Amino acid sequence: AESTVDLATIADPWAEVSDEDALARIKEEDWEVIEVENEAAAAAQLNAKDQEMQKFQPKDGQRRWLVAADFSENQLTSVKALGGP
């Protein structure tokens with residue numbers, strides 16, 4: 001049987017970090033910031049906030065290079081909605 005996880009029950013590790021502090025960390029670590037439709041060619045942060053997405057299928061470059069992603073304020077209902085490994 002397949003188990004399901006309610007994503008709403010998982011604590012957001014970035015909840016206590018302000019947007020400004022998060023962006024400063026990204027810049028300090030020299031991450032590229034990309035949008036959903038973009039490929040990544042180096043370590044990158046995916047900005048997918050508030051895109052009304054119900055699922056996400058990462059591109060090859062995104063799978064290879066994403067180190068962080070903001071999927072907040074979307075309609076993702078399960079981890080499977082994020083495209084899997």
Side-chain angles (χ1 to χ4, degrees):
E2 186 177 318
S3 64
T4 59
V5 175
D6 179 0
L7 296 179
T9 65
I10 299 173
D12 178 359
W14 290 87
E16 300 297 318
V17 179
S18 72
D19 289 346
E20 293 80 21
D21 287 345
L23 287 173
R25 283 176 94 173
I26 290 167
K27 289 177 183 176
E28 179 180 306
E29 295 180 18
D30 201 25
W31 296 348
E32 177 180 11
V33 178
I34 64 170
E35 303 299 321
V36 174
E37 63 276 1
N38 299 128
E39 278 285 358
Q45 152 82 23
L46 179 68
N47 178 23
K49 182 177 182 176
D50 198 20
Q51 298 291 308
E52 300 183 16
M53 297 183 340
Q54 294 180 352
K55 65 179 183 173
F56 171 71
Q57 187 62 47
K59 295 173 175 32
D60 289 341
Q62 292 171 338
R63 285 184 189 275
R64 202 171 299 119
W65 288 104
L66 289 180
V67 293
D70 182 354
F71 288 109
S72 61
E73 300 178 36
N74 281 287
Q75 287 95 37
L76 302 166
T77 58
S78 72
V79 173
K80 282 186 172 185
L82 295 174

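These figures come from a predicted structure and were not determined experimentally.
Judged by distance alone, with hydrogens and angles left aside, the side-chain atoms of N74 form a donor-acceptor pair with the main-chain N or O of E52 at under 3.5 Å. At distances below 3.5 Å, at least one donor-acceptor pair connects side-chain atoms of Q51 with backbone N or O atoms of K49.
The number of heavy-atom neighbours closer than 6.0 Å to CD of Q75, taken from other residues, nucleotides and ligands shown, is above 12. Around CD of E35, the count of heavy atoms belonging to other residues, nucleotides or ligands within 6.0 Å exceeds 12.
For the atom pair CG of D50 and CZ of F71, the computed distance is 13.5 Å after rounding to the nearest 0.5 Å. The CH2 atom of W31 sits 12.0 Å away from the CG atom of L46 when rounded to the nearest 0.5 Å. Residue K55 holds its NZ atom at 11.5 Å from OG1 of T77, rounded to the nearest 0.5 Å. With rounding to the nearest 0.5 angstrom, the CD atom of E20 is 14.0 Å from the CZ atom of R25.
Taking both residues in full, the closest heavy atoms of V36 and K59 are given as O-NZ, 3.8 Å, listed atom of the first, atom of the second, then distance. Minimum interatomic distance between L76 and F56 (heavy atoms only, all atoms of both residues): CD2-N, 4.5 Å. L82 approaches P58 most closely through the heavy-atom pair O-CD, 3.7 Å. Taking all atoms of both residues into account, the shortest heavy-atom contact from A41 to W65 is O-CE2, 3.7 Å. Residues Q45 and A68 approach most closely at OE1-CB, 2.9 Å, considering heavy atoms. The two residues Q54 and A81 make their nearest non-hydrogen contact at O-CB, 3.5 Å.
Side-chain contact between Q62 and I34: present, with at least one pair of heavy atoms (C-beta onward) separated by less than 4.5 Å.
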